[in-house]
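Heads up, the thing below is written out as structure tokens.
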Amino acid sequence: MEIVRSHRQVAAAAAAAGGDGGGAGALPTYKAAPQLEVRLEEFELFAIDRLRVLKGISDGLSRGKRPEEMEKLVSELWKTYMRHQDPAETLNKDIISHFVLRLVYCRTEELRKWFLSMETALFRYRFRLESPESQRMLMTEFQLPYKALPHSEFEAVKDKLSQVARSIGQSANVEHVFFKVPFEEVPDLVASRRVFLSKGYAYVAMSQVVSLVVTQFRCNISKALALTNRKWTATIKEQEKGRLTPIVEALSNAYFGPDYSQPKDTVDISLKDIDQLAKSSFPLCMRHMLDKLRENHHLKHGGRMQFGLFLKGAGLKLEDALAFWRAEFSQKVGSERFDKEYAYTIRHNYGKEGKRTDYTPYSCQKIISATPGVGDHHGCPFRHFGEENLRAALNKMGVGGHALEEIMDKVKNRHYQV
């Protein structure tokens with residue numbers, strides 16, 4: 001983005017052209033950053049508002065909200081943080097904030113994964129809120145090479161389509177507009193058995209084309225993030241080190257933990273906060289390790305690393321971390337042995353010993369891929385607990401009924417990170 005003209009002019013041009021970050025209708029496709037003027041304060045504030053939307057989506061997905069609940073949530077988040085009375089300003093804020101965050105989140109693999117996932121989810125639910133006409137225009141914008149199924153072929157498979165509709169709780173009156181696409185292009189529909197498959201093709205209803213569009217959108221953004229990362233590393237970071245670079249780094253560090261995958265509060269936590277925060281905010285894996293630590297007054301190395309770095313990322317200072325671990329371990333091994341055998345590792349994690357590396361919390365993927373041994377309590381409960389133990393742990397958290405069964409379905413399908 002370059003400083004060339006006013007927002008209002010650029011918004012009108014973007015909306016009319018449809019290519020410079022805009023798109024068909026009111027939903028941009030972000031294909032290219034438009035030529036526009038943006039002040040530094042807006043550069044940051046617009047990005048923060050979009051971050052609030054993406055964080056809200058992340059929270060909704062982590063709580064297992066249903067698609068209709070997510071549509072309502074996305075609509076409310078967008079109205080709260082991204083709207084302006086002037087539609088031209090709304091479009092500008094949308095486009096500017098996306099490209100600012102693309103710059104922020106292009107820099108590491110973890111950053112790119114999170115941003116790509118949340119932006120794709122945002123686009124998915126915004127697309128669903130578009131009119132059918134606008135949806136068709138967006139299909140054209142993405143240059144999808146699919147045509148509606150001819151009437152003769154539709155009649156030949158109509159009964160099969162009706163069976164699929166009934167199996168997913170829809171009316172037996174089949175839609176009349178379907179697209180025949182290679183099955184690998186709609187993996188979410190295939191996985192959830194929401195389409196009829198025949199000879200390597202999936203028959204996708206007009207009401208399901210969001211899956212086709214989102215697949216192309218995700219592909220475009222993924223490639224764009226890789227290109228932006230190369231540009232950032234090669235030129236932008238150094239050229240903008242006195243202006244944009246500090247803002248970019250502050251945006252990611254202020255709103256997300258050091259592993260860039262989990263939202264974090266921007267305030268420090270103290271010893272007295274840990275138990276209360278565990279009840280209200282800790283993920284199941286961290287609650288489990290805290291419970292075992294309180295019970296056994298000890299954790300093996302894997303548990304100390306996973307839980308200790310999590311507490312560090314949440315804002316626990318070194319002095320409080322030493323006091324926390326000493327209070328527990330001294331009940332079993334004594335204070336002198338704790339100081340000799342365990343305190344060094346805690347200081348090392350905080351970059352105060354050894355190579356002075358300032359270690360960051362483990363990502364969810366690293367936790368999921370761990371292999372806990374006998375007596376270990378680290379890892380991911382959704383991956384490493386047996387079904388009975390997992391149900392008991394979730395019941396203890398107050399999760400039951402339909403929500404519990406939805407979680408168990410995700411576990412059975414190996415969607416541990418969800």
Okay, side chain of [X], backbone of [Y]: is any donor-acceptor separation there less than 3.5 Å?
X	Y	result
R347	K352	no
R218	T120	no
S58	L54	no
R414	V411	no
N229	L225	no
H384	C380	yes
T80	E76	yes
Q208	A205	yes

State whether [Y] and [X] meet the cation-pi test: NZ (Lys) or CZ (Arg) under 6.0 Å from the six-membered ring centroid, and within 45° of the perpendicular axis.
X	Y	value
K366	Y362	yes
R304	W325	no
K312	Y350	yes

Less than 6.0 angstrom separating the ring centers of Y203 and F178, yes or no? no
Kindly say whether the aromatic ring centers of H415 and F382 come within a distance under 6.0 Å. no
Supply the atom-to-atom distance [X] [atom1] to [Y] [atom2], rounded to the nearest 0.5 angstrom.
X	Y	atom1	atom2	value
S97	F43	OG	CZ	11.0 Å
I236	C106	CD1	SG	7.5 Å
K300	Q306	NZ	CD	15.0 Å
I346	L322	CD1	CG	5.0 Å
E71	F127	CD	CZ	11.5 Å

Do [X] and [Y] come within less than 4.5 Å of each other through their side chains, counting heavy atoms only?
X	Y	result
D376	T371	no
S75	K79	yes
V53	M118	no
L309	M305	yes
L290	R294	yes
V164	V195	no
Y125	I57	no
H348	R356	no

Thinking salt bridges, do [X] and [Y] make one under a 4.0 Å N-O criterion?
X	Y	value
E153	K180	yes
R391	E387	yes
D59	K55	yes
R63	E69	no
D49	R52	yes
R126	E130	no
R66	E68	yes
E141	K31	yes
D188	R124	yes

Could you go step by step and tell me if T29 and N220 meet the side-chain contact (heavy atoms from CB on, under 4.5 Å) rule? CA-CA 9 Å; T29 54; N220 291 351; over 6 Å; no
Worked verdict on Q163 versus D159 for side-chain hydrogen bond (donor to acceptor under 3.5 Å, both in side chains): CA-CA 6 Å; Q163 290 177 24; D159 290 342; over 6 Å; no
List the steps and the verdict of side-chain contact (heavy atoms from CB on, under 4.5 Å) for R383 and I367. CA-CA 9 Å; R383 169 75 187 277; I367 292 172; over 6 Å; no
Flag yes if more than 12 heavy atoms outside Y342 fall under 6.0 Å of its OH atom; otherwise flag no. yes
Between L189 and the options V181, V204, L197, V210, the side-chain contact (heavy atoms from CB on, under 4.5 Å) test singles out V204
Say whether R166 and S162, considering side chains only, have a donor N or O and an acceptor N or O under 3.5 Å apart. yes
Does a side chain donor of either D94 or Y30 reach within less than 3.5 Å of an acceptor in the other side chain?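 Yes - a donor-acceptor pair under 3.5 Å links their side chains.
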Let me see the working for E109 and R112 under salt bridge (Lys or Arg N to Asp or Glu O under 4.0 Å), right down to the final yes or no. CA-CA 5 Å; E109 183 178 357; R112 291 192 293 273; 5.6 Å; no
Which class fits the ring pair [X] and [Y]: parallel under 30°, tilted 30 to 60°, perpendicular over 60°?
X	Y	answer
F217	F123	parallel
Y105	F115	parallel
F307	F310	parallel

